[in-house]
Amino acid sequence: MPLHPSPIRPRLATAALFTAAALITAGATPVTAGATPVTAAAAPDIPVTSVKAHLNQFQSIATANGGNRAHGRPGYKASLDYVKGKLDAAGFTTSVKQFTSGGRTGYNLVADWPGGDTDQVLMAGAHLDSVTTGPGINDNGSGSAAILETALAVSRAQFKPTKHLRFAWWGAEELGMVGSRNYVNSLSVANRSRISGYLNFDMVGSPNPGYFVYDDDPALEKVFKDYYAGLGVPTEIETEGDGRSDHAPFKSAGIPVGGLFSGADYRKTAAQAQKWGGTAGKPFDACYHSSCDTATNIDTTALDRSSDAIAHAVWELSE
Ligand code: TRP
Ligand code: CA
Ligand code: ZN
């Protein structure tokens, strides 16, 4: 079944993905002819149009607040209020955790999905702050919007996983992972040990995308690698920024970490352009940390694949 033709043009590839996802969902519906279903619940398709709608909101927030969503600036708090409003309406238990960095107030947003074994917590996180020089739509509106839409999908499905699910949006990553470090440091040793895994999503819709999987923990890495293998999309190990995002404090605390990345300021090689399409010799994200990291600085196919991969991982790893 030619579910995933090799990428021809991004828009065509996206349309094909929608069809493919619908087919997969239909095909994977557990058949409960016998007594108990043996198939784990399949993750839903994450609508990329909804993820992009969140990105447009982040863009509007930046535009209305001096062009950025940076730590200690009004665009950051407005971004947090937007995400929190969606989560509260969907039935999450949210908490805003305040900290100070560089003489300015910062905030983490933590959202717990009620239920599941709180001795086994699966976390997914993304930094919500931008640099001061731009609106930060790929870095990291993309990860923030993708995990937000995954959380909303958990609510729509009224998902009842075995593990407890927790989503987090970090402040002040761009100042050195300040928010996520603050969070990990604030946990007791016992509460740290209850986190079975932390999944990080920082830049997952790069305009000239690569498909990079963190290789920090083999079991978490495998879930993403297998998902992309199923799509027929080759992946590489993430090496551009080991320790350059919010998974670092978790890893330092001994918590298994994983995640996805579609590339920042490194240039796509000819070999990478061969397998992924896009432009060789150009950065994965030429607008990294720049004023042009706007709502148009996104590859829709990459954002769609990343969002669906996140949902897949959250479903599979929490069962
Ligand atoms: N926010 C990160 C940063 O500014 C982006 C980044 C660069 C990144 N390289 C990475 C994130 C590698 C994850 C993995 O440094
Ligand atoms: Ca999708
Ligand atoms: Zn950054």
Side-chain angles (χ1 to χ4, degrees), residues 3-4 13-25 42-53 68-71 125-146 149-150 152-153 156 170-180 198-206 209-216 224 227 231 233 236-251 257-267 283-285 287-290 293 297 299-312:
L3 286 182
H4 297 280
T14 304
L17 261 182
F18 283 138
T19 313
L23 288 171
I24 287 167
T25 305
D45 176 67
I46 300 299
V48 74
T49 48
S50 304
V51 182
K52 289 195 107 178
N68 69 71
R69 304 181 302 102
H71 167 70
H127 77 85
L128 185 57
D129 64 312
S130 73
V131 289
T132 55
T133 47
I137 299 304
N138 187 38
D139 182 15
N140 183 33
S142 62
S144 293
E149 198 52 35
T150 301
L152 298 180
R156 285 192 293 266
W170 308 119
E173 185 274 348
E174 299 290 6
L175 278 67
M177 302 160 271
V178 176
S180 53
Y198 171 74
L199 305 177
N200 192 62
F201 304 101
D202 185 356
M203 306 183 73
V204 295
S206 305
Y211 294 90
F212 300 101
V213 177
Y214 298 7
D215 69 339
D216 304 85
F224 290 113
Y227 181 78
L231 294 183
V233 174
E236 288 185 13
I237 292 168
E238 188 286 303
T239 54
E240 177 167 357
D242 257 357
R244 259 172 85 182
S245 191
D246 297 297
H247 53 298
F250 286 86
K251 187 175 181 177
V257 302
L260 298 174
F261 176 59
S262 57
D265 48 354
Y266 283 23
R267 288 171 195 278
F284 295 103
D285 182 356
C287 290
Y288 176 64
H289 285 187
S290 303
D293 186 9
N297 188 44
D299 181 85
T300 302
T301 300
L303 185 69
D304 192 16
R305 288 172 175 166
S306 300
S307 303
D308 293 339
I310 293 167
H312 170 77

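Small disclaimer: the values here were computed from a predicted structure and weren't measured. Counting starts at 1 for both ligands and their atoms, in listed order.
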Note to self: Considering Phe212, Tyr288, Phe261 one by one, which has a heavy atom nearer to atom 9 (N) of ligand 1 than any of the others?
What the structure shows: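 It is Phe261 that holds the nearest heavy atom.
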ask   = Which is closest to atom 11 (C) of ligand 1 in terms of heavy atoms, Asn138, Asn140, Asp202, Val204?
value =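 Of the listed residues, Asp202 has the closest heavy atom.
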| request: Please calculate the OD1(Asp304)-the Ca ion (ligand 2)-OD1(Asp308) angle and round it to 10 degrees. | output: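 Angle OD1(Asp304)-the Ca ion (ligand 2)-OD1(Asp308): 110°, rounded to 10°.
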Proximity flag His247 to ligand 1, non-hydrogen atoms under 4.0 Å: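 No heavy atom of His247 comes that close to ligand 1.
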query = Measuring from the heavy atoms of Tyr214, does anything fall under 4.0 Å of ligand 1?
reply =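 Tyr214: in contact with ligand 1 (<4.0 Å).
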Item to complete: May I ask you to check if ligand 1 and Ser245 share an N or O to N or O distance below 3.5 Å?
Response: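 Looking only at distances, the answer is no, because the N/O contact criterion of under 3.5 Å is not met.
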His289 N/O under 3.5 Å from ligand 1 N/O =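 Yes, since at least one N or O of His289 sits under 3.5 Å from an N or O of ligand 1.
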Practice item. Please determine if the Zn ion (ligand 3) has an N/O/S atom from Glu174 lying under 2.8 Å away. Key: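 True for Glu174.
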Quiz item: Is the Zn ion (ligand 3) less than 2.8 Å from at least one N/O/S atom of His289?
Solution: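 So His289 counts as coordinating the Zn ion (ligand 3), yes.
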Show the atoms of ligand 1 that are less than 4.0 angstrom away from any heavy atom in [X].
{"X": "Glu173", "value": "1 (N), 2 (C)"}
{"X": "Glu238", "value": "12 (C), 14 (C)"}
{"X": "His127", "value": "1 (N)"}

State, to 0.1 Å, how close [X] and [Y] come at their nearest heavy-atom pair, and which atoms those are.
{"X": "Asn200", "Y": "Tyr214", "answer": "ND2-OH, 3.0 Å"}
{"X": "His71", "Y": "Ala172", "answer": "ND1-CB, 3.7 Å"}
{"X": "Met203", "Y": "Tyr288", "answer": "CE-CD1, 3.5 Å"}
{"X": "Asp246", "Y": "Ser180", "answer": "OD1-OG, 2.6 Å"}

Q. At under 4.0 Å between heavy atoms, which part of Asp139 makes contact with ligand 1: side chain, backbone, both or neither?
A.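 Asp139 to ligand 1: side-chain contact only, backbone stays beyond 4.0 Å.
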Would you say the Ca ion (ligand 2) has Arg305 as a near neighbour, meaning an N/O/S atom of that residue under 3.0 Å away?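 It does not: Arg305 brings no N, O or S atom closer than 3.0 Å to the Ca ion (ligand 2).
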Apply the test side-chain contact (heavy atoms from CB on, under 4.5 Å) to residues Asp216 and Val257: give CA-CA distance (whole Å), side-chain angles for both, the deciding distance (0.1 Å), then the verdict.
CA-CA 6 Å; Asp216 304 85; Val257 302; 3.5 Å; yes
- Message: Could you check whether Arg156 pairs with Glu149 (Lys NZ or Arg NE/NH1/NH2 to Asp/Glu carboxylate O, under 4.0 Å)?
- Response: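 Looking at Arg156 and Glu149, the cut-off is met.
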- Item | side-chain contact (heavy atoms from CB on, under 4.5 Å) between Met177 and Trp170, worked out | CA-CA 8 Å; Met177 302 160 271; Trp170 308 119; over 6 Å; no
**Report entry** For the Ca ion (ligand 2), the closest N/O/S atom belonging to Asp45
**Finding:**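 Restricting Asp45 to its N, O and S atoms, the minimum distance to the Ca ion (ligand 2) goes to OD1.
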| said: Checking Thr132 against Asn68: is there a side-chain donor and acceptor pair closer than 3.5 Å? | reply: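 The criterion, which ignores hydrogens and geometry beyond distance, is not satisfied for Thr132 and Asn68.
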The Zn ion (ligand 3) to Asp139: nearest N/O/S atom name |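 The atom in question is OD2.
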For the atom pair CG (Asp293) and CG (Asn140), what is the distance rounded to the nearest 0.5 Å?
->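 Separation between the atoms: 9.5 Å.
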*Distance (rounded to the nearest 0.5 Å) between Ser142 OG and Phe201 CZ*: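 CZ of Phe201 is found 11.0 Å from OG of Ser142.
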